[in-house]
2 protein chains.
Amino acid sequence: MEATNTCADCAVRDSALCASLNDGELMALNALGRRRKLARGEVLAWAGDDSLICGNLISGVLKLTASTPDGREQIVGLAYPADFVGRPYAGQAEFTVTAVSEAELCLFPRAPFERVLEDHARMERLLLQRTFAALDEARARMLALARLSAAEKVTGFLLDMADRATGCRAMPPGPVTFDLPLTRGEMAEVLGMTIETVSRQLTRLKSKGAITLAGARGITIRDRELLRGRD
Amino acid sequence: MEATNTCADCAVRDSALCASLNDGELMALNALGRRRKLARGEVLAWAGDDSLICGNLISGVLKLTASTPDGREQIVGLAYPADFVGRPYAGQAEFTVTAVSEAELCLFPRAPFERVLEDHARMERLLLQRTFAALDEARARMLALARLSAAEKVTGFLLDMADRATGCRAMPPGPVTFDLPLTRGEMAEVLGMTIETVSRQLTRLKSKGAITLAGARGITIRDRELLRGRD
DNA sequence: TCTACGCTTTGACCGCGGTCAAAGCCGGCC
DNA sequence: GGCCGGCTTTGACCGCGGTCAAAGCGTAGA
């Protein structure tokens, strides 16, 4: 049990920010961090609360949500294993972080983590690069949210999920089967639409023969060209 | 003329990234940089081109636009004086950068600038903080694009612009008059709507008495409460 | 001062996607 | 195995905001 709490056997040791540290440095960071498990739906941090923690996601999927005062919500980011979570250098968190599946994290108190950052230029540079990448992604999704039709949003989302499910490689030409990590409602929250429209679009793609659905989560991309087809 | 090309009298010397450098370091950076003036509508960098330059905006306003293959466009970011522009650590630029007004920049070739960043931890940290702030802003705008009504988008935008025009301070309670830096078309590109809808919303706010319009650019926020009013 | 061009406003119309409602499906738990 | 609750699907309807079209303005340049 204790053994699973060290960096040595950490599943994301070589892909998270920590990859920039040698074993000695990792020891020091390890002393600072603690593991935390989140159940599905559990909230890690609320928007508006003090930004007290940050860390690396080890397993599971998290969502970052923004909301209006009257309760409308939008998922503004998803975090996957090895992703960095949190907001260094901020007083308050701007977004709520919630577990979309059971998840495990390696968390650090924000202030000492910032100090580690100062002492480890390579780690800070890696974080800068990741933050730039996240910014590019957020901006690309601004285009999608504002200008794509419901059909385009859903097909784009499915293609993205398939990319991730197949290890982010160029997808093989054949059919791809995987489980969606999100419910219909969460897909709607990501895409800026309603549950009903997401469902209708999926039904349309299914009857077109581009995909097949298996239960609430399972999906097979049958024909990528058909999926992309503008009709 | 030459004199205006040095950092000593730079208008954003103390508010841009350079504020983290002492005079000596600034000299070195100065040797790397060159000034460039952009006319209204001129493009600094095209999406898809190699990411070759970055720099600081000295005066004017720039827009960052994303577009779909079939030509739909969305402004995903605006840059104001002292803002950093460009994308270090990226091979290709993801977005097109265009001058919205006449603008002046201090530009650096990307590769040597990255090396300066490596040698100046404080500047790198400042850039990290700015990038986090930009990410927060982009995500907040994702909520707005996806979930706000046309009326809410326009009033929010006007309030943002008024904040900026009055020096980002808490606005005085009285009326505020200023010039919008964007055309109706650009406002529509920012808000993810059409020119016509932007115009109709402004007309509605005018007839409600919340604002007055003077020419294409001039605007007065008369009654902030009325402006915010949900009706 | 007049002209011309580009931006803005206004109007009429329509379709996409949201809303409201109800039925269906599936998985978990007793 | 059966029941229950939550997620999903489907249907009917409607309104917001987009589209297409034309008229108004304002500014710049001759």
Side-chain angles (χ1 to χ4, degrees), chain A residues 39-41 63 68 70-74 100-102 144-158 179-208 211-219 230-231, chain B residues 39-41 63 68 70-75 100-102 143-158 179-208 211-219 230-231:
Chain A
R40 181 153 195 273
K63 66 177 177 184
T68 58
D70 66 345
R72 284 168 285 177
E73 292 211 333
Q74 175 65 28
V100 149
S101 66
E102 190 171 286
L145 286 171
R147 303 298 180 182
L148 298 191
S149 68
E152 291 170 313
K153 286 178 182 177
V154 170
T155 61
F157 177 81
L158 292 183
D179 277 357
L180 294 166
L182 306 182
T183 65
R184 297 283 183 274
E186 285 160 343
M187 288 176 58
E189 271 189 296
V190 169
L191 299 173
M193 353 194 308
T194 59
I195 290 186
E196 294 94 324
T197 303
V198 170
S199 179
R200 275 187 258 266
Q201 291 299 328
L202 289 173
T203 304
R204 191 182 55 83
L205 292 171
K206 187 173 67 177
S207 50
K208 229 172 71 169
I211 63 172
T212 47
L213 299 171
R217 298 301 183 99
I219 183 166
R230 283 289 150 266
D231 46 291
Chain B
R40 180 152 195 271
K63 65 177 176 183
T68 58
D70 67 345
R72 284 168 284 177
E73 293 211 331
Q74 176 66 28
I75 294 180
V100 149
S101 66
E102 188 171 289
L143 173 66
L145 287 171
R147 302 297 179 185
L148 298 191
S149 68
E152 290 170 316
K153 285 178 182 177
V154 170
T155 59
F157 177 81
L158 292 183
D179 277 356
L180 295 166
L182 306 182
T183 64
R184 296 287 183 273
E186 285 161 343
M187 289 175 58
E189 272 189 295
V190 168
L191 300 175
M193 349 191 315
T194 59
I195 289 185
E196 294 93 325
T197 304
V198 171
S199 180
R200 274 186 259 266
Q201 291 300 329
L202 289 173
T203 304
R204 191 183 54 83
L205 292 172
K206 188 174 67 175
S207 50
K208 228 172 70 169
I211 63 171
T212 47
L213 300 170
R217 299 301 182 101
I219 183 168
R230 284 289 149 265
D231 46 293

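Proteins get letters first, then strands, A, B, ... in listed order; numbering begins at 1 in each.
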Undergrad: Is there a donor-acceptor pair under 3.5 Å between the side chain of A/Glu189 and the backbone N or O of A/Gln74?
TA: no

Undergrad: Keeping the roles fixed (side chain from B/Glu186, backbone from B/Thr183), state whether a donor-acceptor pair exists under 3.5 Å.
TA: yes

Undergrad: Over how many whole Å does the gap from A/Arg184 atom CZ to C/dC26 atom C1' extend?
TA: 13 Å

Undergrad: Assuming nearest nucleotide by heavy-atom distance, tell me which of A/Arg147 and A/Leu202 is located more 5' along DNA chain D.
TA: A/Leu202

Undergrad: Identify which nucleotide among C/dT19, D/dT9, D/dG18 has an atom closest to any side-chain atom of A/Ser199, counting heavy atoms from C-beta outward.
TA: D/dT9

Undergrad: Indicate, with a heavy-atom threshold strictly under 4.0 Å, whether A/Gly218 touches base, sugar-phosphate, or nothing.
TA: nothing

Undergrad: Counting side-chain heavy atoms from CB outward, which of C/dG17, D/dG17, C/dG18 is closest to B/Ala150?
TA: D/dG17

Undergrad: Quick check on D/dT10: is either OP1 or OP2 less than 4.0 Å from any side-chain nitrogen or oxygen of A/Thr203?
TA: yes

Undergrad: Just the rounded figure in Å: distance from P of C/dA23 to CD of A/Glu196.
TA: 16 Å

Undergrad: Nearest whole angstrom, please: distance from the P of D/dG17 to the CG of B/Leu148.
TA: 10 Å

Undergrad: When the distance from CD of A/Gln201 to C1' of D/dT10 is rounded to whole Å, what number comes out?
TA: 14 Å

Undergrad: Identify whether any heavy atom of A/Thr183 sits under 4.0 Å from a base atom; if not, whether one sits that close to sugar-phosphate; answer base, sugar-phosphate or nothing.
TA: sugar-phosphate

Undergrad: Ignoring hydrogens and angles, tell me if any N or O in the side chain of B/Glu102 forms a donor-acceptor pair with the backbone of B/Ala39 under 3.5 Å.
TA: no

Undergrad: Provide, to the nearest angstrom, the distance between the CD atom belonging to B/Glu186 and the P atom belonging to C/dG6.
TA: 15 Å

Undergrad: Send over the distance from B/Glu152 CD to D/dC16 P, rounded to a whole Å.
TA: 12 Å

Undergrad: Expressed as a whole number of angstroms, how long is the span from B/Leu180:CG to D/dG26:C1'?
TA: 16 Å

Undergrad: Do A/Arg72 and B/Glu152 sit within salt-bridge range, that is, some charged N less than 4.0 Å from a carboxylate O?
TA: yes

Undergrad: Rounding to an integer number of Å, can you tell me how far A/Glu189 CD sits from D/dT8 C1'?
TA: 16 Å

Undergrad: Think B/Arg200 has a side-chain N or O under 4.0 angstrom from the OP1 or OP2 of C/dT9?
TA: no

Undergrad: For B/Arg147 and A/Met193, indicate whether the former's side chain and the latter's backbone hold a donor-acceptor pair under 3.5 Å.
TA: yes

Undergrad: Does D/dG18 have OP1 or OP2 sitting under 4.0 Å from an N or O in the side chain of B/Thr197?
TA: yes

